[in-house]
Amino acid sequence: MMSVSDWISIICAGVALIVTVIIAVLQIRQSNRMERFEKRQDKRDEQRHQESVKAQAVSFISKYYKDRGLIPLCAIATMYNDLFYYNREMYREFCCCTKEVQNRILEYCDLDLRVSEYNIYEKCLVAIESVLNKRFPDDKSVFYDGGKYFTRSLEYYADKPIPHQEFEYQNHITDVLANAFNSNDKKETPIQQLSVEYGFGSCKEIEACQLVTVIAEFAAIYGNKNKNIDKSYGSPGGYDGEVIETMEDLFLLALFEIYTNCVL
């Protein structure tokens, strides 16, 4: 027969077990309440974050609505070098946005273009050289030394007005390139022809930069035989009244055409 002390020990153990169970249940309930609270808090934080992203994107589009056609060039400016001090405020401000805001801006403009990589210049240079070398193996190159006359359009002359803005200048270059690309003759040398016609070796450096940059732009357009016709990347300077007026604009436009036609 158990003694009184044995019964007391059993009762104490039972009480301790009951208390432990009660505490455990309370802790589980408290933990569940905290988990539900944290989920609600996370949901509210995410909602506020999304509202902030939307507000920043809408604000940017509204501020630069007049030049909204240049928004694709903002994306290119960011992917080229988001630390570069661009002449146009619109480019600088876009570079200062978070990647999420940048892509929301592009989304709201119904563009399939996204800021997805950085330092795209080398990739674009290789792409355009490949197009020209494959199509015109006997032609001269104007993209030597890392495409120095191409990059100088931005790095040396960003804020300078485009020297030759007359319609005839661009029209002639596009005609020469279009005819050459549409020809089946691989011995065509359109770059050599244009270099001679516009005095590439003797003209002012800014004019040489313009020539190389315009060649890059339209070689990318005419050299793409497999266009993404189901994609909308935008047409900077084409439809919305915005103006390609500086060498900075011209460089970014050429890089845009190379990236969307030859890289993507």
Side-chain angles (χ1 to χ4, degrees), residues 72-73 76 79-80 119-158 160-228 233 235-238 244-264:
L73 301 191
I76 295 299
M79 289 190 282
Y80 172 72
N119 302 315
I120 63 171
Y121 177 75
E122 289 299 329
K123 187 178 291 187
C124 288
L125 183 63
V126 169
I128 196 62
E129 286 187 303
S130 176
V131 167
L132 291 171
N133 291 337
K134 183 177 180 179
R135 185 62 185 80
F136 311 113
D138 297 332
D139 207 355
K140 73 173 292 184
S141 172
V142 289
F143 296 102
Y144 52 83
D145 292 344
K148 66 178 183 180
Y149 289 108
F150 188 18
T151 57
R152 286 178 185 177
S153 289
L154 176 69
E155 295 176 358
Y156 286 19
Y157 304 108
K160 302 297 182 184
I162 298 172
H164 296 289
Q165 299 192 33
E166 60 273 13
F167 173 76
E168 292 75 15
Y169 177 87
Q170 180 171 292
N171 191 53
H172 179 64
I173 294 176
T174 57
D175 282 348
V176 170
L177 290 173
N179 291 335
F181 273 104
N182 291 330
S183 168
N184 291 322
D185 186 2
K186 280 200 168 187
K187 293 189 178 299
E188 291 272 5
T189 55
I191 311 303
Q192 174 69 32
Q193 177 185 337
L194 292 169
S195 296
V196 172
E197 289 181 359
Y198 290 103
F200 177 69
S202 58
C203 64
K204 294 180 180 178
E205 185 176 70
I206 189 173
E207 294 177 345
C209 291
Q210 180 184 2
L211 178 62
V212 171
T213 304
V214 173
I215 288 174
E217 175 189 351
F218 287 98
I221 294 172
Y222 294 125
N224 180 10
K225 300 300 183 183
N226 301 300
K227 293 184 182 296
N228 294 317
Y233 298 127
S235 301
I244 303 297
E245 57 189 356
T246 64
M247 294 294 288
E248 172 182 88
D249 295 332
L250 185 64
F251 172 83
L252 293 175
L253 177 60
L255 208 62
F256 164 80
E257 295 295 356
I258 298 171
Y259 186 70
T260 56
N261 284 289
C262 306
V263 175
L264 289 181

Would you say the side chain of L194 lies within less than 4.5 Å of the side chain of I215, judging by non-hydrogen atoms? yes

Roughly how far, to the nearest 0.5 Å, is the CD atom of Q170 from the CZ atom of F218? 3.5 Å

For V131 versus A219, what's the shortest heavy-atom pair and its separation? CG1-O, 4.1 Å

Apply side chain to side chain contact (heavy atoms under 4.5 Å, CB included) to residues F181 and L132 and explain how you reach the verdict. CA-CA 10 Å; F181 273 104; L132 291 171; 4.1 Å; yes

Around Y144, counting heavy atoms of other residues, nucleotides and ligands shown, do more than 12 lie under 6.0 Å from its OH? yes

Stepwise ring pair (Phe, Tyr, Trp, His ring centres under 6.0 Å) check, Y198 with Y169: CA-CA 10 Å; Y198 290 103; Y169 177 87; 5.0 Å; yes

Which value, rounded to the nearest 0.5 Å, describes the distance between L211 atom CG and F200 atom CZ? 6.5 Å

Polar contact flag, side-chain donor to acceptor under 3.5 angstrom, N261-E257: yes

A side-chain contact here means heavy atoms from C-beta on lying under 4.5 Å apart; do E217 and L250 qualify? yes

Quick one, Y259 and Y233 - any side-chain contact, counting heavy atoms below 4.5 Å? no

With distance as the sole test, does N179 use its side chain to make a donor-acceptor pair with the main-chain N or O of D175 at under 3.5 Å? yes

Take atom NZ in K140; do more than 12 heavy atoms of anything else shown fall under 6.0 Å from it? yes

Do L154 and Y80 have side-chain heavy atoms sitting under 4.5 Å apart? yes

Report yes or no: does Q165 contribute a side-chain atom to a donor-acceptor pair with the main-chain N or O of I162 at less than 3.5 Å? yes

Would a 4.5 Å heavy-atom cut-off, applied to side chains only, mark I191 and S141 as touching? no

Can I76 and T260 be said to form a side chain to side chain contact (heavy atoms under 4.5 Å, CB included), step by step? CA-CA 10 Å; I76 295 299; T260 56; 5.6 Å; no

Starting from the C-alpha separation in whole Å, work towards a yes-or-no answer on side chain to side chain contact (heavy atoms under 4.5 Å, CB included) for T174 and Y222. CA-CA 9 Å; T174 57; Y222 294 125; 3.7 Å; yes

Once you round to the nearest 0.5 Å, how far does CG of L125 lie from OG of S130? 11.0 Å

CG/D139 to NZ/K186 distance, rounded to the nearest 0.5 angstrom? 13.0 Å

Is the backbone N or O of E245 less than 3.5 Å from a side-chain atom of D249, with the two atoms forming a donor-acceptor pair by type? yes

Give the intermediate values and the outcome of side chain to side chain contact (heavy atoms under 4.5 Å, CB included) for residues Y149 and V142. CA-CA 8 Å; Y149 289 108; V142 289; over 6 Å; no

Specify the closest pair of heavy atoms between L177 and P190, including all atoms of both residues, with the distance to one decimal. CD2-CB, 4.2 Å

Heavy-atom pair with the smallest gap, counting every atom of D138 and T189: O-CG2, 3.8 Å

Considering all heavy atoms, the nearest L255-C124 contact: CD1-CB, 3.8 Å

Positive for side-chain hydrogen bond (donor to acceptor under 3.5 Å, both in side chains) with Y157, one of E205, E248, Q210: E205

Rounded to the nearest 0.5 Å, what's the gap from OG1 on T213 to CD1 on I206? Could you check? 10.0 Å

Rounded to the nearest 0.5 angstrom, the CD1-CD1 distance for I258 and I128 is 4.5 Å

Specify the closest pair of heavy atoms between C203 and A208, including all atoms of both residues, with the distance to one decimal. SG-N, 3.6 Å

